[in-house]
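These numbers come from a predicted model, not from an experiment. Whatever order the structure lists ligands and atoms in, that order sets their numbers, starting from 1.
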Amino acid sequence: MNDFEPTVIAFVCNWCTYTAADLAGTSRLSYPPNVRLVRVMCTGMVDPQYVLKALLEGADGVLVSGCHPGDCHYINGNYKARRRIKLLKALLPQFGFAPQRLRLTWIGASDGIEFAHVMQELVDQVRELGPSEAKTKMVL
Ligand code: FES
């Protein structure tokens, strides 16, 4: 278990968290290479199927991260995402996954330090959980 390196898929909003990731990079902040960013235009477009597909195909954790409440460029996309993620977290055990494998955060465009901190914290948390249930036992 000590050698386990988790893979985390992060669906990040183009306008905020993706820009924060860019800022973290240009600021030479380091964060774990375990995170694979998927840029989306808004967290409101992250279909729950994307999260389930990522988990079923081997991701050990999934992050959805976007603009702070009130800052969404599409007015209420992040509110829709918040409702969907809450519901999905409640449903994940029925698919065989620990709900802690899914996380929602708000990281603004100027929060490069926060981005690096959240990525480190998330990877540490998923490492504690161990490999995804999709790899270790039958799910669905
Ligand atoms: S535009 Fe960033 S969460 Fe909607």
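Side-chain contact check for Phe95 versus Leu52: some heavy-atom pair is nearer than 4.5 Å. Residues Pro32 and Gln120 have side chains in contact (heavy-atom distance under 4.5 Å, counting atoms from C-beta outward).
When each atom of ligand 1 is checked for a heavy atom of Met41 under 4.0 Å away, the hits are 1 (S). The ligand atoms of ligand 1 that sit less than 4.0 angstrom from a heavy atom of Tyr74 are 1 (S). Every atom of ligand 1 is numbered from 1 in the order shown, and the set under 4.0 Å from a heavy atom of Cys13 is 1 (S), 2 (Fe), 3 (S). Near Cys42, the atoms of ligand 1 lying under 4.0 angstrom from a non-hydrogen atom of the residue are 1 (S), 3 (S), 4 (Fe). When each atom of ligand 1 is checked for a heavy atom of Trp15 under 4.0 Å away, the hits are 1 (S).
When only non-hydrogen protein atoms are considered, atom 1 (S) of ligand 1 lies nearest to His73 N, 3.2 Å.
The aromatic rings of Tyr31 and Phe115 sit perpendicular to each other, their planes meeting at more than 60°, with 30° as the lower class boundary.
For residue Cys72, an N/O/S atom approaches atom 4 (Fe) of ligand 1 to within less than 2.8 Å.
Hydrophobic clustering places Leu102 together with Trp106 (ILVMFWY residues linked when any side-chain heavy atoms are closer than 4.5 Å, directly or through intermediates).
Using a non-hydrogen distance threshold of 4.0 Å, Gly77 does not register as a contact of ligand 1.
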Please assess Asn14 against Val40 for the test side chain to side chain contact (heavy atoms under 4.5 Å, CB included), listing each intermediate value before the final yes or no. CA-CA 6 Å; Asn14 175 63; Val40 296; over 6 Å; no
With side chain to side chain contact (heavy atoms under 4.5 Å, CB included) as the test, would you mind laying out the steps for Arg103 and Val64 before giving the verdict? CA-CA 6 Å; Arg103 186 164 166 188; Val64 177; over 6 Å; no
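Partner of Val51 under the side-chain contact (heavy atoms from CB on, under 4.5 Å) criterion, chosen from Ile9, Val62, Leu63: Val62.
Nearest to atom 3 (S) of ligand 1 by heavy atom, out of Thr43, Asn76, Val64, is Thr43.
Residue contacts with ligand 1, taken as heavy atom pairs separated by less than 4.0 Å, involve Cys67 via backbone and side-chain atoms alike.
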